[in-house]
There are 2 protein chains.
Amino acid sequence: MKQPREVFLEYLRKRGLNMTPQRAAIVETFLESEGHFSSEELCGRARKLDPAIGQATVYRTLKLLVESGLAGALLAGEGPTLYEHSYGHAHHDHLVCLECGVKVEIVDPEIEKRQEELAGAQGFTLTRHSMVLYGLCPACLKRMGGRTLDA
Amino acid sequence: MKQPREVFLEYLRKRGLNMTPQRAAIVETFLESEGHFSSEELCGRARKLDPAIGQATVYRTLKLLVESGLAGALLAGEGPTLYEHSYGHAHHDHLVCLECGVKVEIVDPEIEKRQEELAGAQGFTLTRHSMVLYGLCPACLKRMGGRTLDA
DNA sequence: TTAATTGCAAATCGTTTGCTGAAAG
DNA sequence: CTTTCAGCAAACGATTTGCAATTAA
């Protein structure tokens, strides 16, 4: 499997785009970041490499990262879009705690298979999907005791 | 099963809120609307009953409709939030065509069950979930022939 | 009378875009 | 040279909010 930087460079080449110090810094920062993070967070981190980097450039580069297949975007209904690594990662869905926001990645071939079947039954060809399960994580469940949830 | 207007009135009462002509017009319009629609669309329709209704009031009333259980909100990653009837409707997920935007509602007890299992395996208690399958509907599939999709 | 409600306009928030100078090939 | 880029600030779209003037109970 090619390494991510190579994938990105190839993507740029294919599109007739250039590598620049800013893009390099952002990609570098992206590759070093773990979990889920927003464009703004990434910008903050990238500025440690180059304080002059603009938020707009980060947005533009994130778009390239997504298109190149290195990054995945989680359109959170609430708040900013979160990004994550997607190169070399199997597709996964998310389990989110409504209290503390912790996110757990889950994979289930059975659900994936059923999704294909359901789509097929309607004559659809699936491209992608998003599934997010919301609830309470074990820690919050314990911490809140039996009280109701209405955050 | 109580009728929706009654449900809404009870909800208002319980919260110490008042019924007003504007709320009545918006609820009425909501109940007559089918499928998925945005706050703005609903506002446009409600103005046929009362042209002075403000967009802000529609947003505020939609929030009440959701809280009362009459409406469900689809946090579309793209564009405005779409609303639909949820009172007396079984939970369902969505199948969306990336080309023409048509939305099909799907229900599958098997997936619902599997979701509970997956969440339980992580110690989570599920409150709700959202699942959206994206792809091409039969019509677009045919219309586009074998061409690639990169809209 | 008294809290709830309205419409408006201004404010937010995340994200995109127009612009002008700078830089990559 | 000729695009492509960068950074900035202004523009955007959806939604929320402050406010002063009504209105419901």
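So you know, we letter chains A, B, ... as the sequences are listed, proteins then strands, and number each from 1. These numbers come from the heavy atoms of this one structure, side chains and all, not from hydrogens, waters or symmetry mates.
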What's the separation between atom CG in B:L118 and atom CG in A:L133, rounded to the nearest 0.5 Å? 7.0 Å

Under 4.0 Å from OP1 or OP2 of C:dT15: is there any side-chain N or O of A:K63 that close? no

Calculate the interatomic distance between B:L9 atom CG and D:dA24 atom C1'; express it in whole Å. 14 Å

Here the distance between atom P of D:dT16 and atom CG of B:L62, to the nearest Å, is 10 Å

Just the rounded figure in Å: distance from P of C:dT5 to CD1 of B:I26. 12 Å

Any salt bridge between A:E10 and A:K2, counting N to O under 4.0 Å? yes

In whole Å, I'd like the distance from the CG atom of B:D50 to the P atom of C:dT6. 11 Å

Quick check for you: among C:dG14, C:dG7, D:dG7, whose closest atom lies nearest to any side-chain atom of A:P80? C:dG14

Taking for A:T20 and for B:R60 the nucleotide of DNA chain D with the nearest heavy atom, the one nearer the 5' end belongs to A:T20

In this structure, how many angstroms lie between the C1' atom of D:dG13 and the CG atom of B:L75, rounded? 16 Å

To the nearest angstrom, how far is A:E78 atom CD from D:dT16 atom C1'? 12 Å

B:S39 has a side chain; which of D:dC5, D:dA6, D:dT15 sits nearest to it? D:dT15

So, does B:R23 get its side chain near the phosphate of C:dT6, meaning an N or O under 4.0 Å from OP1 or OP2? yes

Pick the nucleotide of DNA chain C nearest each of B:R15 and A:M19; which residue has the one closer to the 5' end? B:R15

Using 30° and 60° as the class limits, which term best fits the ring planes of A:F30 and A:H85: parallel, tilted or perpendicular? tilted

Does the side chain of A:Q22 pick up a donor-acceptor pair with the side chain of A:T61 at under 3.5 Å? no

Is the phosphate of C:dT15 approached by A:T81 (side-chain N or O, under 4.0 Å from OP1 or OP2)? yes

Starting at atom OH of B:Y59, determine the distance to atom C1' of D:dT15, rounded to an integer number of angstrom. 5 Å

Within this structure, what is the CG-to-C1' distance between A:L64 and C:dT16, rounded to whole angstrom? 14 Å

Nearest-neighbour nucleotide for the B:A56 side chain, C:dT5, D:dA6, D:dT17 considered: D:dT17

Salt bridge check, B:E117 against B:R114: does any charged N sit closer than 4.0 Å to a carboxylate O? yes

If you check the B:N18 side chain, which of C:dA4, C:dA24, C:dT6 turns out closest? C:dA4

